[in-house]
Amino acid sequence: MRKFIWGSALSLLGAFVPALSFADGYIGLNYTQLEQEDRFFGEGEFDTGEVFARLGGHVNRYFATELRLGSTLNDKSEGGEEYRFNYHVGAYVQLGYQFDFWRPYLLLGYTYGEEEATLNNNIRYDDATATIKDTSYGAGVDINIGENLGLNAEYVQYYDIGDVSFKGPSAGVFYKF
């Protein structure tokens, strides 16, 4: 599994290296609180906390490209049942504009990941994994608080197929290099 995750991340990085080599690059770390339609616990919706690393670059004054790799920090568990994102990886394009110290943007891309659940079927506990993959979109803002350091806030819908969706706000920090 780890080989697949790192292989996917390196493949995506290889696709974006030409864009990053001509760009103002950045690296960041975000925490997101994903809201999910509950198909496991019977609560309607539940939240899990994910952390993801961001690697990107500004291709020109309007566009940036970005790679993300993340995983669940806070598993959702109840009555012996448990849910988590094992990983999610994505490639995104941002359309934005720099105003003084802040840069609002729109985000469009593709997210691929794996979720895992341990479910109680009244006889034994079963582990189930599923792959998620969908077009993702959102909006956010980068706020510069120093020459190289900044804050990020955004709201992204990573996945929405049928009655299953993963969406939510995130906040983080980034460093421009």
Side-chain angles (χ1 to χ4, degrees), residues 1-36 47-75 84-116 131-160 166-177:
M1 178 60 64
R2 287 186 180 179
K3 289 180 185 178
F4 174 75
I5 294 170
W6 287 109
S8 297
L10 291 175
S11 296
L12 285 171
L13 182 60
F16 278 78
V17 166
L20 291 174
S21 64
F22 299 108
D24 298 323
Y26 61 90
I27 189 165
L29 189 64
N30 276 50
Y31 177 80
T32 185
Q33 193 71 27
L34 285 183
E35 304 160 6
Q36 303 175 43
D47 296 336
T48 57
E50 279 72 31
V51 66
F52 58 87
R54 302 168 49 209
L55 174 64
H58 297 275
V59 178
N60 59 35
R61 88 186 312 179
Y62 303 107
F63 290 99
T65 59
E66 185 173 292
L67 300 173
R68 295 182 181 186
L69 178 63
S71 184
T72 298
L73 284 182
N74 303 323
D75 297 349
R84 71 174 284 116
F85 263 116
N86 285 335
Y87 65 88
H88 60 276
V89 61
Y92 310 93
V93 174
Q94 293 179 359
L95 170 63
Y97 188 78
Q98 187 73 42
F99 295 97
D100 195 25
F101 64 91
W102 62 288
R103 180 182 176 269
Y105 61 86
L106 298 174
L107 180 90
L108 180 64
Y110 187 78
T111 301
Y112 180 89
E114 181 183 84
E115 62 182 357
E116 181 177 354
T131 301
I132 63 160
K133 48 189 171 185
D134 196 13
T135 302
S136 305
Y137 57 89
V141 63
D142 289 334
I143 302 169
N144 297 325
I145 58 173
E147 188 173 323
N148 294 344
L149 191 61
L151 300 174
N152 171 264
E154 65 181 15
Y155 189 91
V156 176
Q157 180 162 304
Y158 289 99
Y159 180 81
D160 185 17
F166 302 102
K167 59 189 175 201
S170 74
V173 296
F174 65 89
Y175 179 82
K176 295 187 282 187
F177 50 88

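Please read these numbers as outputs of a predicted model, since none were measured by experiment.
L149 meets the side chain to side chain contact (heavy atoms under 4.5 Å, CB included) test with I145; sequence neighbours excluded. Judged as a side-chain hydrogen bond (donor to acceptor under 3.5 Å, both in side chains), and not counting sequence neighbours, Q98 has no contacts. Applying the side-chain hydrogen bond (donor to acceptor under 3.5 Å, both in side chains) criterion to S136, with sequence neighbours excluded, gives T111. Under the rule for a side-chain hydrogen bond (donor to acceptor under 3.5 Å, both in side chains), the partners of Y175 that lie at least two apart in sequence or sit in another chain are N148. The side-chain hydrogen bond (donor to acceptor under 3.5 Å, both in side chains) check on Y137 picks up Q157, with sequence neighbours excluded.
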Could you pull out every donor-acceptor pair under 3.5 Å between side chains of residues 99-109 and any protein atom, sequence neighbours left out?
unit_1	atom_1	unit_2	atom_2	d
R103	NH1	Q94	OE1	2.7
Y105	OH	N152	ND2	2.9
Y105	OH	E154	OE1	2.5

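In this structure, D160 and K167 have side chains that are not in contact, with every pair of non-hydrogen atoms separated by 4.5 Å or more.
Nearest heavy-atom pair, F174 versus N144, reported as atom, atom and distance to 0.1 Å: CZ-OD1, 3.7 Å. A pairwise comparison of heavy atoms in N30 and S170 identifies ND2-OG, 3.3 Å as the closest pair. Of all heavy-atom pairs between H58 and A64, the closest is ND1-CB, 3.7 Å. Residue T135 comes nearest to Y110 through the heavy atom pair N-CD1, 4.1 Å, listed as atom of the first residue, atom of the second, then distance.
The line from OH of Y26 to CG of L55 is 8.0 Å long, rounded to the nearest 0.5 Å. To the nearest 0.5 Å, atoms CZ (R68) and CG (L29) are separated by 11.5 Å.
The aromatic rings of F166 and Y159 lie tilted to each other, with the angle between the two planes from 30° to 60°. Ring planes of Y158 and Y92: perpendicular class, angle over 60° (limits at 30 and 60°).
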Practice task
Might you work through the side-chain contact (heavy atoms from CB on, under 4.5 Å) test for V173 and L151, ending with a clear yes or no?
Solution key: CA-CA 4 Å; V173 296; L151 300 174; 3.8 Å; yes

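At least one donor-acceptor pair closer than 3.5 Å links the side chain of T32 to the backbone N or O of P169.
Around the NZ atom of K176, the shell of radius 6.0 Å holds more than 12 heavy atoms that belong to other residues, nucleotides or ligands.
With no hydrogens or angles considered, no side-chain donor-acceptor pair links E114 and T131 at under 3.5 Å.
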